[in-house]
Engineer: 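Could you have a look at this structure, given as structure tokens, before my questions?
Reckoned from all heavy atoms, side chains included, excluding hydrogens, waters and symmetry mates.
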Amino acid sequence: MTTPAPLQAAGANAPAKAIVVRRLSLVKTDDLDFGTVARSALPGTVVINPATGARTATGGAIAAGGTPQRATFVGAGQIGILSIVSIGPSPILSNGSGGTMPTLLAVNGGTGIRLFPGTGVQTFAVGGTLTVGSNQAEGNYTGSFTLTVNYL
């Protein structure tokens, strides 16, 4: 007769989180990130698709890694309530040393009047186009924008 092997146990910790939103509110859950871009002698663009979050680069802009993503916001309303979605001016990203890059932002589904779905919760996604200049100055470029949802 054989002796059974002793049981071994292993454990690990993992974070858990949740966001609870109150009715008629809007919470940012992800930042817009164009990722890392390698410069070249030619100008180009980097696009984050607001519907899918996919990144594409054109011209002399070279997608070079990072964690590109669209911005997401969660709005909580009442089922069937109307809302008006608007976005502020598209930011000009700056590296703090005089380098700038303009953006043109877009909201998935567009701006204007929307009807809240049967769950009373709606996700708003924002992507856009970053214009990269020829021989763009190096640096960490940042800026900000405002998404507004007016509940009617």
Engineer: Could you pull out the closest heavy-atom pair between Ile48 and Pro68, with the gap in Å?
Structural biologist: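 It is CD1-CB, 3.9 Å.
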
Engineer: Could you tell me whether a side-chain N or O of Asn49 sits under 3.5 Å from a main-chain N or O of Gly127, the two making a donor and an acceptor?
Structural biologist: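 No, the answer is negative, given that no donor and acceptor are paired below the 3.5 Å cut-off.
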
Engineer: I'd like to know whether Phe124 forms a side chain to side chain contact (heavy atoms under 4.5 Å, CB included) with Leu26, so could you lay out the CA-CA distance, the side-chain angles of the two residues, the decisive distance to 0.1 Å, and finally the verdict.
Structural biologist: CA-CA 9 Å; Phe124 303 91; Leu26 184 69; 3.8 Å; yes

Engineer: What closest approach, in Å, do Ala57 and Ala63 show between heavy atoms, and which atom pair accounts for it?
Structural biologist: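 Answer, listing the atom of Ala57 first, then Ala63: CB-N, 3.9 Å.
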
Engineer: So does Leu115 have more than 12 non-hydrogen atoms from other groups sitting under 6.0 Å from CG?
Structural biologist: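 Counting other residues, nucleotides and ligands, CG of Leu115 exceeds 12 neighbours.
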
Engineer: Determine the interplanar angle of the Tyr151 and Phe116 rings, folded into 0 to 90°, and report it as parallel if under 30°, tilted if 30 to 60°, perpendicular if over 60°.
Structural biologist: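 Rings of Tyr151 and Phe116: tilted, 30 to 60°.
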
Engineer: Considering all heavy atoms of both residues, which atom of Gly60 and which atom of Ser40 are nearest to each other, and what is their separation?
Structural biologist: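 Between these two residues, the closest heavy atoms are O-OG, 2.8 Å.
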
Engineer: Sub-3.5 Å donor-acceptor pair from the side chain of Thr103 to the main-chain atoms of Leu105, do we have one?
Structural biologist: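 Checking the backbone N and O of Leu105 against the side chain of Thr103, no donor-acceptor pair under 3.5 Å is found.
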
Engineer: May I ask you to check whether over 12 heavy atoms, not counting those of Leu82, lie within 6.0 Å of atom CG?
Structural biologist: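 Yes, CG of Leu82 has more than 12 neighbouring heavy atoms, counting only those of other groups under 6.0 Å.
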
Engineer: Hey, does the side chain of Arg70 reach the backbone of Pro50 with a donor-acceptor pair shorter than 3.5 angstrom?
Structural biologist: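 Yes; at least one donor-acceptor contact below 3.5 Å.
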
Engineer: Between Thr111 and Ser86, does a side-chain hydrogen bond (donor to acceptor under 3.5 Å, both in side chains) hold up when you go through it step by step?
Structural biologist: CA-CA 5 Å; Thr111 56; Ser86 61; over 6 Å; no

Engineer: Hey, any chance Val47 and Val126 share a hydrophobic cluster, counting ILVMFWY side chains that come within less than 4.5 Å of each other, even indirectly?
Structural biologist: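 Different clusters: Val47 never reaches Val126 through Ile, Leu, Val, Met, Phe, Trp or Tyr contacts under 4.5 Å.
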
Engineer: Which one of Thr131, Thr56, Thr129, Thr58 satisfies the side chain to side chain donor-acceptor pair (under 3.5 Å) criterion with Thr45?
Structural biologist: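 Of the listed residues Thr131, Thr56, Thr129, Thr58, the side chain to side chain donor-acceptor pair (under 3.5 Å) partner of Thr45 is Thr58.
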
Engineer: Could you state whether Ile62 and Leu130 fall into the same hydrophobic cluster, counting links through intermediate Ile, Leu, Val, Met, Phe, Trp or Tyr residues with side-chain heavy atoms under 4.5 angstrom apart?
Structural biologist: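 Unlinked, Ile62 and Leu130 end up in two clusters.
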
Engineer: If we ignore hydrogens and angles and just use 3.5 Å, is the side chain of Asp31 paired with the main-chain N or O of Asp33 as donor and acceptor?
Structural biologist: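 Not confirmed, Asp31 side chain does not pair with Asp33 backbone.
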
Engineer: Report yes or no: do Ile87 and Val85 belong to one cluster of Ile/Leu/Val/Met/Phe/Trp/Tyr joined by side chain heavy-atom distances under 4.5 Å?
Structural biologist: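 In one cluster with Ile87: Val85, yes.
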
Engineer: Test of understanding: clusters of I, L, V, M, F, W, Y form through side-chain heavy atoms closer than 4.5 Å, transitively. Do Leu147 and Leu32 belong to the same one?
Structural biologist: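 Leu147 and Leu32: one cluster.
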
Engineer: Looking only at heavy atoms, which two atoms of Asn135 and Arg39 are closest? And how far apart?
Structural biologist: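 That closest heavy-atom pairing would be O-NH1, 3.8 Å.
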
Engineer: At what distance, to the nearest 0.5 angstrom, does CZ of Phe73 lie from OG of Ser25?
Structural biologist: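 If we round to the nearest 0.5 Å, Phe73:CZ and Ser25:OG are 13.0 Å apart.
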
Engineer: Taking the side chain from Gln136 and the backbone from Ala41, do they hold a donor-acceptor pair closer than 3.5 Å?
Structural biologist: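 Checked: no pair found.
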
Engineer: How many angstroms lie between atom OG of Ser83 and atom CG of Asn150, to the nearest 0.5 angstrom?
Structural biologist: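 These two atoms lie 8.5 Å from each other.
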
Engineer: For the side chain of Arg55 and the backbone of Phe34, is there at least one donor-acceptor N/O pair under 3.5 Å apart?
Structural biologist: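 Pair found, side chain donor or acceptor close to backbone of Phe34.
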
Engineer: Establish, from distance only, whether the side-chain atoms of Thr72 and Thr29 form a donor-acceptor pair under 3.5 Å.
Structural biologist: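 A donor-acceptor contact under 3.5 Å links the two side chains.
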
